[in-house]
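Right, one structure below, let's go through it.
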Protein chains: 2
Amino acid sequence: MHTFKQPECNSCGSRVSTCLIELSTNQVEEIAQQKHSQLFTRNSYVFAEGQYPRGIYCIHKGHVKISKMGADGREHIISFAGTGNIVGYGTLLAAEKYNVSCVAVQDSSICLIPSEIFFRNVRENPAMALHVMHDISLELRATNQRIVELTHKPIRERVAEALLIIKEAFGLDADGMTLRSPLTREEIASIVGTAPESVIRTLSEFKSENLIATNGRTIQLVNMRALVHIANIRD
Amino acid sequence: MHTFKQPECNSCGSRVSTCLIELSTNQVEEIAQQKHSQLFTRNSYVFAEGQYPRGIYCIHKGHVKISKMGADGREHIISFAGTGNIVGYGTLLAAEKYNVSCVAVQDSSICLIPSEIFFRNVRENPAMALHVMHDISLELRATNQRIVELTHKPIRERVAEALLIIKEAFGLDADGMTLRSPLTREEIASIVGTAPESVIRTLSEFKSENLIATNGRTIQLVNMRALVHIANIRD
DNA sequence: CTGCGAGCCTGACATTTGTCAGTATGCTAC
DNA sequence: GTAGCATACTGACAAATGTCAGGCTCGCAG
């Protein structure tokens, strides 16, 4: 978690995949000078529930989970973000303490862009403001979607969906079926919103139905079509 | 649902309780000329899942629910909005179809402010843009909070919390305990994310513990302190 | 290579919640 | 006022899920 050779904003993929694409070369240069870059090892906190935000976090390389403690003391994973994503502007814009935590699930290189310069750009650049609004609105949509899925789908459907979520977030190996995921069964349970045992049981079911194959922590999606069907996705 | 005498924007409470407070008198006047006002009776749709947005909706008087169909065909109520609130900017900004519905739960008078003028003001007025971002971010926070509550709290806690949510949204009668709510038990179930029977059972429990009193659809919060405790709220 | 610990997995069981069937009550339209 | 319908309520039961206890396996440190 110490500082190291800072990534270059100009050649960074995040510049073109986020609201930062709306900025001029000069404005990007200014950010490049003010940003702080860090390496986060697996399971280390980028920010934690209850802290005050100091800026937005731009993921140069790696993956993080956005999670939140439940009343029962169990973690719930709300979403993932990876290389080329920005996290944390919601809380900054709400002018509140974080109500979620952000934790690296892989060793990740992440840059902090201080609040002040972010707000200045938002104020002075309507295109950037609209881009930010657009992104937050998409997040809100996804979260609304998630509410009804978690509330109204049985575990089997939610586990199937979790596998697809993991696939979206982390991708597949060259074989086109092995999940590139560092997640434990317990973390998968935190996506599904259930106990690890229930996840494991459901995965065993899928295995015996030849929908997936497992090898230790590794999971292969053997019959993706069937999984999509089980997940019962509409939108 | 027919047009009627349009509310006056200048004397409207929504002007000062929403992002519209950032606008000049002239800009408000322009909105006043372009808005469309309607009366919506209980259970009529302001907008529905799958439709394309045509603007933002400003609630002049009344209450609406924001809800979404679950995969099991059961409605889930995500939130409420009432007099002085604006709904629907999320979807407009995301440039997508609505993924939620907005339905009047009381007879309500609601004004549609067309997209074009809303976007123009957001683009030209950074204070308004920031206000909108702030509001959406707060919504996102609330939704995240809701996810873990629905996923990790038992029904008893969720029903207690639903009563408090209803109190926040609709308020109390002069006696300081009777909920001013038009909601059926089934709608309460749609907040809690469960079957109506489970809600009724839990309410009966509360009743026998002297935490609430009921009379038909009407509910009185007799021991609010205890309900807050049961709801197990943290933030 | 060997021992140890984290994390994966399974089975038995308790609890919670959903479902179904049926009755009671209260509101609305006539 | 009253008939009829929607909604509130209750009990019995079935199903889904959580909990607990224990065994297994993999990967790593020594």
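Chain identifiers are assigned alphabetically (A, B, ...) following the order of the sequence lines, protein sequences preceding nucleic acid strands; residue numbering begins at 1 within each chain. Everything numeric here is computed off the predicted structure, so don't read it as measured data.
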* Decide, yes or no, whether a salt bridge links K65(B) with E75(B) under the criterion of side-chain N to carboxylate O below 4.0 Å. => yes
* Asked: Does a salt bridge link R234(A) with E157(A), judged by any charged N lying under 4.0 Å from a carboxylate O?
  -> no
Between [N] ([atom2]) and [X] ([atom1]): distance, integer Å:
{"X": "I219(A)", "N": "dG7(C)", "atom1": "CD1", "atom2": "P", "answer": "15 Å"}
{"X": "R185(A)", "N": "dC24(D)", "atom1": "CZ", "atom2": "C1'", "answer": "14 Å"}
{"X": "E186(A)", "N": "dC9(C)", "atom1": "CD", "atom2": "P", "answer": "14 Å"}
{"X": "I200(A)", "N": "dT17(D)", "atom1": "CD1", "atom2": "C1'", "answer": "15 Å"}
{"X": "H152(B)", "N": "dT17(D)", "atom1": "NE2", "atom2": "P", "answer": "15 Å"}
{"X": "L183(A)", "N": "dC8(C)", "atom1": "CG", "atom2": "P", "answer": "10 Å"}

* Asked: Taking the side chain as C-beta and beyond, is there a heavy-atom pair between Q38(B) and L112(B) under 4.5 Å?
  -> no
* Do K35(B) and Y57(B) have side chains that get closer than 4.5 Å, going by heavy atoms? -> no
* Asked: Do we see a donor-acceptor contact under 3.5 Å between the side chains of K61(B) and Q106(B)?
  -> no
* Asked: Does a side chain donor of either N215(A) or T218(A) reach within less than 3.5 Å of an acceptor in the other side chain?
  -> no
* To do: List the steps, then state whether salt bridge (charged side-chain N to carboxylate O under 4.0 Å, His left out) holds for E161(A) with K153(A).
  => CA-CA 10 Å; E161(A) 190 166 11; K153(A) 283 186 180 177; 3.1 Å; yes
* **Intermediate values then yes/no, ring-ring contact (aromatic ring centres under 6.0 Å, His included), H63(A) and F80(A)** => CA-CA 7 Å; H63(A) 284 94; F80(A) 294 100; 8.1 Å; no
* Check whether any side-chain N or O of S204(B) sits under 4.0 Å from OP1 or OP2 of dT10(D), and answer yes or no. => yes
* Structure fact -> Per-nucleotide protein contact along nucleotides 13-30 of chain C, 5' to 3', at a 4.0 Å heavy-atom cut-off (B base, S sugar-phosphate only, - neither), is ----SSBB----------
* Asked: How bent is the helix from dC1(C)-dG30(D) to dC30(C)-dG1(D), comparing axes over its five end pairs at each side, to the nearest 10°?
  -> 50°
